[in-house]
Every structure is written in C-alpha cells, then in structure tokens.
Peer 1: 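Please find one structure pasted underneath; my questions will follow.
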Amino acid sequence: MLCLRSPPRFKSTFPFSDFCYNYYHYKLLVGMARSSMDEISDTGAFVRSASTFRNGISSDPNSPFPPESGRYHLYVSYACPWASRCLAYLNIKGLNKAISFSAVKPIFERTKESDEYKGWVFPDSETEVPGAEPDRLNGAKSIRELYEIASANYTGKYTVPVLWDKKLKTIVNNESSEIIRMFNTEFNNIAENPSIDLYPADLKALIDETNEWIYDSINNGVYKCGFAKKQEPHNEASRQLFEALDKCENLLSKQRYICGHTLTEADVRLFVTLIRFDEASANTFFVGDSSLVWPLLINLVPIFVFLVIVSFVRLLIVALPSS
Ligand SMILES: N[C@@H](CCC(=O)N[C@@H](CS)C(=O)NCC(=O)O)C(=O)O
C-alpha cells in the first residue's frame with residue numbers, strides 16, 4: 001500500500017519575500033534564463049510557451065527526415081525532465097546505437113559576451129563535469145548556438161531536448177512529447193526492441209487522457225508552483241499538484257502502472273518528473289515536504305532501473321551539489 005504523508009501539502013502562508021529571496025537563490029544556483037521566467041501572465045501565473053521546431057521523422061518517401069541509423073543526435077540535460085523522457089526512450093527502445101546523444105553542463109551559464117542571457121552550455125572537455133561532453137558535432141559552445149545554426153532569425157527559448165539532424169544540420173524537433181512518439185514508432189526497423197510499444201492502439205485514449213492531467217498538474221505543475229510570481233497562482237498550482245499526486249497514489253495502489261497493467265508512455269512521463277521531485281521541486285519550487293513522493297517512486301523505480309540506470313546515476317551526480 002502506498003502512503004503519501006498527510007498535510008501540510010504546501011505552505012498556506014507562502015511568504016512572497018522569502019520566495020523572491022529563495023527564487024533569486026535558485027536563479028543563482030542554476031543560472032536560470034530569463035526567457036522562462038518571463039513566461040508570466042498578468043495574474044502572476046507561469047504560462048509555458050509552445051515548442052517551436054515541430055517536424056516529424058517519418059518513413060514516408062517524401063519526408064525530409066527519414067528514420068536512418070546514425071543520422072540523428074539528441075541533445076539533453078540530465079537536469080531536465082523533458083529531455084530525460086527522450087533519453088529513457090532511447091534506452092527502452094534500444095535506439096542508443098542508432099541515435100547518438102550528448103549532455104550539456106547541468107547549470108546555466110552566460111552564452112555570449114554581448115548579452116546577459118544564461119542557458120545550457122557545453123563543457124570545454126570531457127572531464128569538466130561528469131556526464132557532460134563538448135559538442136563534437138557542431139562545435140557549439142551552447143544550445144543557443146544550435147538554435148542559431150538551425151534558424152538565423154530564431155527568437156524563442158533555447159530549450160532541451162533538441163533532436164538534431166546531422167545531415168541537414170538543423171533541428172528536427174524540440175518538443176519531448178513528439179520526440180518520444182517518433183522514437184516509439186518511426187525507428188522500429190532499426191530499434192533493438194521494436195516490439196515494445198508504449199503507446200498501444202487499445203490504450204491510446206486512456207494514455208492521452210492520463211497525460212493531460214499529469215502534464216497540467218504534475219509535469220508542468222511543478223514549474224507552475226516554482227515560477228509563479230504571486231501567492232495565489234502558486235497556491236492553486238500546489239493544490240492541483242497534490243490532488244494529482246493523490247490520484248496517482250490511488251491508482252497505483254490498485255494497479256501496477258498508471259494506465260493499468262502495462263507500462264506505457266504515461267509512466268515514463270510521470271517517472272521523470274517524480275524522480276526529481278525531492279531535489280528540484282520540493283526544495284526549489286516550494287511545493288511541500290521533501291521525501292513526499294518516494295513511496296510513489298518506489299513503485300515505479302523497478303520498471304526503469306535497468307533501462308535508465310546510467311541516466312539515473314548521472315542525475316544523482318549532478319543533483320548532489322544543490323542539496
Ligand atoms: N515543451 C518542451 C519543454 C522543454 C523545456 O522547457 N526545457 C527546459 C529545461 S527543463 C529548458 O531547456 N529551458 C531553457 C530555457 O528556458 O531557456 C518539451 O517538452 O520538450
């Protein structure tokens with residue numbers, strides 16, 4: 001039986017000045033880019049903007065992006081849950097030989113002398129930060145430079161994950177929910193585990209419905225808690241987050257996976273957020289007590305431990321300095 005701790009689930013008297021201080025501290029810690037923080041509505045709520053590069057890999061003969069082995073590269077940060085979804089899929093589908101990947105440094109840094117923007121950067125050497133590698137493909141110093149190679153007039157955020165086409169030297173897609181669907185189906189001729197289908201036809205409707213509330217309240221919910229600039233939207237996001245965690249707990253006390261008896265995309269999407277909950281969300285996004293979600297995770301870890309062991313260990317390594 002799973003058991004989340006009872007309230008306090010969030011700080012009912014959320015101190016805005018403390019928040020500013022802590023948030024500033026968090027900004028210092030991770031060097032957060034302003035572009036994310038600027039995504040704030042008039043009410044002070046965080047409103048995420050949509051991803052920009054939305055091309056699809058497809059075996060359609062007219063597709064500019066066919067599923068070829070060795071052609072694509074995935075840029076990730078181990079600190080990022082969205083990127084980690086994609087990394088989990090590379091492992092689960094057995095695509096790590098067909099699609100290369102590399103990770104940036106886990107903490108934002110200045111990307112150019114000419115402005116203050118801080119974002120994801122590559123290390124200068126293999127040994128600078130565990131798990132992070134210089135960009136051998138394009139010689140870029142930052143993820144920002146990749147976006148600038150792909151589109152000279154680009155004005156959006158410089159986010160990971162980035163699925164990069166080595167042949168056309170451009171970004172195929174930077175939206176994790178779409179990248180994982182491509183990894184699930186489009187590379188089955190070259191995947192080592194083509195029979196694993198995390199979005200099976202008979203569960204599509206249930207997975208879509210589950211993704212919707214988990215995205216809104218948990219995946220994006222932790223950001224809504226952390227990036228809110230006013231008390232009210234923070235409280236509302238916290239309330240929704242813990243309601244959704246209760247719903248997960250309830251479901252997982254009756255069934256092994258979030259959509260029933262089969263591992264699906266919805267479990268992967270939930271897991272990569274929950275595994276960061278203590279370190280990222282509870283401490284820096286002010287969403288309540290840490291250790292709250294470990295009982296939930298204990299149920300999900302055995303599913304992933306063999307599949308994403310390398311990523312998980314690296315995640316812990318990069319998480320350590322911030323604890
Ligand atoms: N909707 C995107 C979100 C990606 C995203 O927000 N990534 C964050 C890291 S967790 C990022 O790279 N942020 C950089 C920035 O905002 O400048 C996806 O799911 O792929």
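Every number for a ligand or one of its atoms is a count from 1 in the order of the listing.
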Peer 1: For T43 and S41, which I'm curious about, is there any donor-acceptor pair between the side chains at under 3.5 Å?
Peer 2: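 Their side chains do contain a donor-acceptor pair, which is all the 3.5 Å distance test asks for.
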Peer 1: With a heavy-atom distance limit of 4.0 Å, tell me whether E175 approaches ligand 1 through its side chain, its backbone, both, or neither.
Peer 2: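 Near ligand 1, E175 shows its backbone as well as its side chain.
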Peer 1: Identify, by atom number and element, the atoms of ligand 1 in contact range of C80, meaning under 4.0 Å from any of its heavy atoms.
Peer 2: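 Counting from 1, the qualifying ligand atoms are 7 (N), 9 (C), 10 (S).
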Peer 1: Under a 4.0 angstrom heavy-atom cut-off, which atoms of ligand 1 come close to K157?
Peer 2: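 It comes down to these atoms of ligand 1: 16 (O).
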Peer 1: Taking only Lys NZ, Arg NE, NH1 and NH2, and the carboxylate oxygens of Asp or Glu, determine whether E178 and R181 approach each other closer than 4.0 Å.
Peer 2: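 R181 and E178: not salt-bridged.
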Peer 1: Report yes or no: do N219 and T273 form a side-chain donor-acceptor pair below 3.5 Å?
Peer 2: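 Looking only at side-chain atoms, T273 and N219 do form a donor-acceptor pair, the distance falling under 3.5 Å.
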Peer 1: Quick one: which ligand 1 atoms are inside 4.0 Å of a heavy atom on S176?
Peer 2: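 Answer for ligand 1: 18 (C), 19 (O), 20 (O).
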Peer 1: Tell me which one of Y117, W120, F108 gets a heavy atom nearest to atom 17 (O) of ligand 1.
Peer 2: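 That would be Y117.
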Peer 1: Answer yes or no: does an N/O atom from R48 fall short of 3.5 Å to an N/O atom of ligand 1?
Peer 2: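 Yes, at least one N or O pair falls under 3.5 Å.
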Peer 1: Which residues pass the side-chain contact (heavy atoms from CB on, under 4.5 Å) test with I190, sequence neighbours left out?
Peer 2: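 Applying side-chain contact (heavy atoms from CB on, under 4.5 Å) to I190 gives S69, A98, F187.
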Peer 1: How close do I171 and N55 get, heavy atom to heavy atom, and via which atoms?
Peer 2: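 So the two residues come closest at O-ND2, 3.8 Å.
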Peer 1: So, S217 and K247: side-chain donor and acceptor under 3.5 Å apart, yes or no?
Peer 2: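 Short answer, no.
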Peer 1: Taking the non-hydrogen atoms of S51, is any one of them nearer than 4.0 angstrom to ligand 1?
Peer 2: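 S51 counts as a contact of ligand 1 under the 4.0 Å cut-off.
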Peer 1: With heavy atoms of Y158 as the reference, note each atom of ligand 1 found under 4.0 Å away.
Peer 2: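 Those qualifying, in numeric order: 14 (C).
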Peer 1: Under the criterion ring-ring contact (aromatic ring centres under 6.0 Å, His included), which of F108, Y158, Y78 is the partner of W120?
Peer 2: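 The residue from F108, Y158, Y78 that satisfies ring-ring contact (aromatic ring centres under 6.0 Å, His included) with W120 turns out to be F108.
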Peer 1: Taking 4.0 angstrom as the limit and counting only heavy atoms of Y223, give me the atoms of ligand 1 inside it, by number and element.
Peer 2: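 What qualifies from ligand 1 is 10 (S).
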Peer 1: At a 4.0 Å threshold, what atoms of ligand 1 neighbour a non-hydrogen atom of N174?
Peer 2: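 It comes down to these atoms of ligand 1: 20 (O).
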Peer 1: For S125, enumerate each residue passing the side chain to side chain donor-acceptor pair (under 3.5 Å) test, keeping only those at least two apart in sequence or located in another chain.
Peer 2: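 T127.
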Peer 1: Can you sort out which atoms of ligand 1 are near P161, meaning under 4.0 Å from one of its heavy atoms?
Peer 2: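 Under 4.0 Å from P161, ligand 1 has these atoms: 20 (O).
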